[in-house]
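For reference, the structure discussed in these notes is given below.
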Amino acid sequence: MADRHFPNQLPETVDESASHISHDPLIKLISLPHSTLSHTLTTSALHLKDIVVRETWGSRRTSVQDYTLYTGVLGTAYLLFKAYQVTNNQNDLQLCSHIVKACDSASTDSERVTFICGRAGVYALGAVIAKHAGDEWLLDHYLTQFRGIKLPSDLPCELLYGRAGFLWACSFLNNHIGKETISTSHRRAVVDEIINSGRNFAHRGICPLMYEWHGKKYWGAAHGLAGIMYVLMDMELKPDEIEDVKRTLHYMINNRFPSGNYPSSEGNESDRLVHWCHGAPGVALTLVKAAEVFGDKEFLQAAVEAGDVVWKRGLLKRVGICHGISGNAYVFLSLYRLTGDMKYLHRAKAFACFLHDKAEKLISEGKMHGGDRPYSLFEGIGGMAYLFFDIIQPSQARFPAYEL
């Protein structure tokens, strides 16, 4: 268990005087006033953004091998959009648009239809960028492309490659462009498929909704219950469907590990993974959403307890947002937004400062994994840059391509 994460020796509370007294660079950084730390992280985020652009886009400019947001250049575009939102740099917005156009061409024959790993992400982000750029023709182009997506009948229901991932893209468009950009009836047809599939597969089981992906009943955000329930909570559900979502979340809470962590899949007894994709971090973000939507104190308490697991075991030996420290920091930002408790903002800053102070050195020494795609949004330093931008405006922070 311990070999997957660093022992968390970060301070539980912040003392701003330590920035003057301590000789430990990490403690000094954590102890900085927010305005000073924000300046430091902004500088670092912009530097990392430039590295990501150079390494993932560079001289390619027209040719794209991996168009996805997860590991490909659409993730670079998403990071550029975040940088634009923080700094209002029009060059970032323009470059973002160029990259999305290249992804549009590269994804033409793709059968994938989700936001994170499919064409829906290209069209949805493209439409939002076009709106910000004031390009009505391009906005209409991307929306037309999006509305023309046909979901295969054998599509799974999970987030990365399935129906939930398509629905998330619908919500992204409606949030950024207008409430009925993708109509309720269009979304409702997909919701029906997800609900019916979950009920049929559960087949009178204790959990009212259950799904399978590649032969396993996953629980996590990427492929399982947590991600599907998150997306359903943004839909207009019928009363019995709301109860099924609630009962599914209660089932997960009641069957978590004694440690407070969550299994990666139904029946899996290995309490190892503390990632967004599998384990407490992704479930915590979903429970925060449930507490916001339903006002249920049990969901709030379970989210807090999952957050404690992330604080104890979430200082992972990986940098990314899918299965690394960058993603785990968002649990604390989410809990801060929900509760207003400064403890969680401190924890998020502490994780971010650990990355800022130590990640480069630990990666170079082979003590930390920089990601199989080291400049990507979900596996590499692209996600770290995104986190640094979000620490600057913590009340606006959202886990990229998951929280809305």
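Around NE2 of H47, the count of heavy atoms belonging to other residues, nucleotides or ligands within 6.0 Å does not exceed 12. The number of heavy-atom neighbours closer than 6.0 Å to OH of Y142, taken from other residues, nucleotides and ligands shown, is above 12.
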Between Y230 and W168, does the ring-ring contact (aromatic ring centres under 6.0 Å, His included) criterion hold? Intermediate values first, please. CA-CA 9 Å; Y230 190 102; W168 197 95; 8.2 Å; no
Yes or no on salt bridge (Lys or Arg N to Asp or Glu O under 4.0 Å) for R247 and E241, after CA distance, side-chain angles and deciding distance? CA-CA 10 Å; R247 287 173 54 216; E241 295 169 342; over 6 Å; no
Evaluation steps, side-chain contact (heavy atoms from CB on, under 4.5 Å), between Y123 and D104: CA-CA 7 Å; Y123 305 148; D104 185 7; 3.5 Å; yes
For L74 and I99: C-alpha separation, side-chain torsions, deciding distance, then whether side-chain contact (heavy atoms from CB on, under 4.5 Å) applies. CA-CA 7 Å; L74 192 66; I99 294 175; 5.8 Å; no
Worked check of salt bridge (Lys or Arg N to Asp or Glu O under 4.0 Å) between E158 and R163: CA-CA 6 Å; E158 49 91 81; R163 294 186 181 101; over 6 Å; no
Intermediate values then yes/no, ring-ring contact (aromatic ring centres under 6.0 Å, His included), F332 and H346: CA-CA 8 Å; F332 309 129; H346 164 71; 9.6 Å; no
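With ring centers used as reference points, Y386 lies 6.0 Å or more from F378. Residues Y211 and H223 place their aromatic rings such that the two centres sit no closer than 6.0 Å.
Between F299 and F294, the ring planes are tilted. Angles from 30° to 60° get that label. Below 30°, between 30° and 60°, or above 60°: for F399 and Y402 the angle between ring planes is above 60°, a perpendicular geometry.
Evaluated for a ring pair (Phe, Tyr, Trp, His ring centres under 6.0 Å) with F351, the options F388, Y344, W311 yield exactly one hit, W311.
Inspection of the R272 and S270 side chains reveals an N or O donor paired with an N or O acceptor under 3.5 Å. In this model, no donor atom of one side chain and acceptor atom of the other lie less than 3.5 Å apart for E360 and S364. At a cut-off of 3.5 Å, with distance as the only test, no side-chain donor of T87 or N89 sits close to an acceptor on the other residue. K312 and H5 form no side-chain donor-acceptor contact under 3.5 Å, judged by distance and modelled atom types alone.
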Please output the side-chain donor-acceptor pairs of residues 232-240 that fall under 3.5 Å, not counting sequence neighbours, one pair per line with the distance.
{"unit_1": "D234", "atom_1": "OD1", "unit_2": "K289", "atom_2": "NZ", "d": "3.2"}
{"unit_1": "D234", "atom_1": "OD2", "unit_2": "K289", "atom_2": "NZ", "d": "3.1"}
{"unit_1": "D240", "atom_1": "OD2", "unit_2": "R199", "atom_2": "NH2", "d": "2.9"}

